[in-house]
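Keep in mind it's a predicted model, so treat the numbers as computed, not measured. Ligands are counted one by one from 1 in listed order, and the atoms in each one are counted from 1 as well.
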Amino acid sequence: MKKKLIAGNWKMNGGLAANESLIQALLSGLAAKAALCDIAVCVPAPYLAQLQSLLAGSALALGAQDVSAHEGGAYTGEVAAAMLKDFAVRYCLVGHSERRLYHGESDALVATKAQRALAAGITPIVCIGETLAEREAGKTEEVVKRQLAAVIQLNGHCVSEIVVAYEPVWAIGTGKTASPEQAQEVHAVLRAQLNAASAHAERIQILYGGSMNAANAQQLLGQPDIDGGLIGGAALKAADFLTIIAAAA
Ligand code: PGA
């Protein structure tokens with residue numbers, strides 16, 4: 001059985017002092033359990049150097065929250081995949097719903113970002129998910145398949161190197177979690193789509209995200225096609241994040 005992945009998404013939160021105390025608390029809480037699942041924290045870009053040094057030699061992997069679709073050059077404000085790699089970044093979120101919504105990121109752009117990450121040896125965590133309106137219109141399956149298809153088409157056989165995060169937009173930061181059954185239903189669809197796309201798709205971890213917390217993690221992670229979690233709010237509290245890791249291990 002593949003290991004589960006628990007990835008924290010700090011979003012635009014943190015500071016030098018707060019980051020250090022959160023990581024110290026996580027590392028001392030992890031101790032022996034760490035090897036039982038993959039763990040990552042996706043942090044704001046300015047803190048990558050700090051986190052690289054805090055995480056050195058630990059079981060916690062470093063993640064970024066976005067990457068440029070361009071390789072380098074005149075793109076003010078953008079961060080290239082090769083730059084992330086310089087700080088030992090192992091994972092990078094691409095296409096988080098907040099980027100799709102507030103920065104107009106299209107399926108095609110997200111697919112290109114995933115390609116850039118892969119080319120630099122970074123695992124893209126490709127975020128997909130439907131809005132409440134799309135769910136209520138019965139379009140959940142159509143939307144998530146379209147979002148994932150863009151990444152599959154551009155990345156060909158390399159798609160087996162990605163991680164997928166299913167995050168229903170209506171569940172993000174709202175306290176409204178998808179029920180384990182609702183999440184499993186979509187994960188099964190995504191699993192089938194990935195298996196049809198690549199002979200090595202079985203290794204792809206499909207995470208659930210959207211108000212996953214210490215209280216509901218066990219049930220969600222117990223579903224057959226849920227291979228981990230992408231955790232926002234609860235990743236900022238060491239005790240909660242450790243409880244979720246324990247539920248995955
Ligand atoms: P949440 O965020 O856990 O706070 O709902 C998840 C995410 O946006 O990745």
Side-chain angles (χ1 to χ4, degrees), residues 4-14 18-19 22 26 37-45 47 51 60-67 89-105 110 113-114 117 122-132 134-135 140 143-144 147-148 151 162-180 182-184 186-187 190 205-221 223 226-248:
K4 294 204 189 313
L5 167 62
I6 300 297
N9 173 12
W10 289 6
K11 309 196 180 190
M12 200 168 71
N13 294 292
N19 300 346
L22 178 54
L26 288 177
C37 69
D38 297 329
I39 310 166
V41 287
C42 300
V43 309
Y47 298 125
L51 269 289
L60 255 91
L62 182 54
Q65 298 177 6
D66 187 29
V67 63
V89 165
R90 164 107 173 65
Y91 296 98
C92 182
L93 304 180
V94 297
H96 189 279
S97 64
E98 287 150 16
R99 297 219 51 94
R100 292 180 191 260
L101 184 65
Y102 307 138
H103 302 273
E105 294 196 4
V110 172
K113 289 184 170 196
I122 294 169
T123 302
I125 301 179
V126 177
C127 304
I128 59 177
E130 83 288 3
T131 62
L132 185 59
E134 287 163 342
R135 174 161 284 264
T140 298
V143 169
V144 296
Q147 292 173 329
L148 186 55
V151 176
I162 71 170
V163 169
V164 175
Y166 168 57
E167 299 203 300
V169 178
W170 48 272
I172 294 179
T174 59
K176 278 190 214 138
T177 322
S179 70
Q182 281 175 320
Q184 167 57 30
V186 177
H187 279 238
L190 300 172
Q205 292 158 315
I206 309 179
L207 317 183
Y208 169 80
S211 299
M212 190 187 273
N213 59 38
N216 61 27
Q218 186 127 37
Q219 260 208 315
L220 286 159
L221 294 169
Q223 299 301 307
I226 299 187
D227 309 312
L230 181 55
I231 323 294
L236 298 171
K237 298 178 212 126
D240 290 10
F241 198 54
L242 287 168
T243 303
I244 296 169
I245 291 165

Could you give the side-chain donor-acceptor pairs of residues 235-244 under 3.5 Å, partners two or more places apart or in another chain?
from, atom 1, to, atom 2, distance (Å)
Thr243, OG1, Ala239, O, 2.8

For the residue pair Ile172 and Ser97, what are the closest heavy atoms and their distance? CD1-OG, 3.2 Å
Can you name the ring pair (Phe, Tyr, Trp, His ring centres under 6.0 Å) partners of His187, sequence neighbours left out? Tyr166
Taking only heavy atoms of the protein into account, state which residues are under 4.0 angstrom from an atom of ligand 1, in chain and number order. Asn9, Lys11, His96, Glu167, Ala171, Ile172, Gly173, Gly210, Ser211, Leu230, Ile231, Gly232, Gly233
Please round to the nearest 0.5 Å and tell me the distance separating atom CD1 of Ile128 and atom CD1 of Ile206. 8.0 Å
Gap between atom CD of Glu98 and atom CG of Asp66 - 0.5 Å precision: 11.5 Å
Can you sort out the partners of Lys4 under side chain to side chain donor-acceptor pair (under 3.5 Å), two or more places apart, ordered by chain and number? none
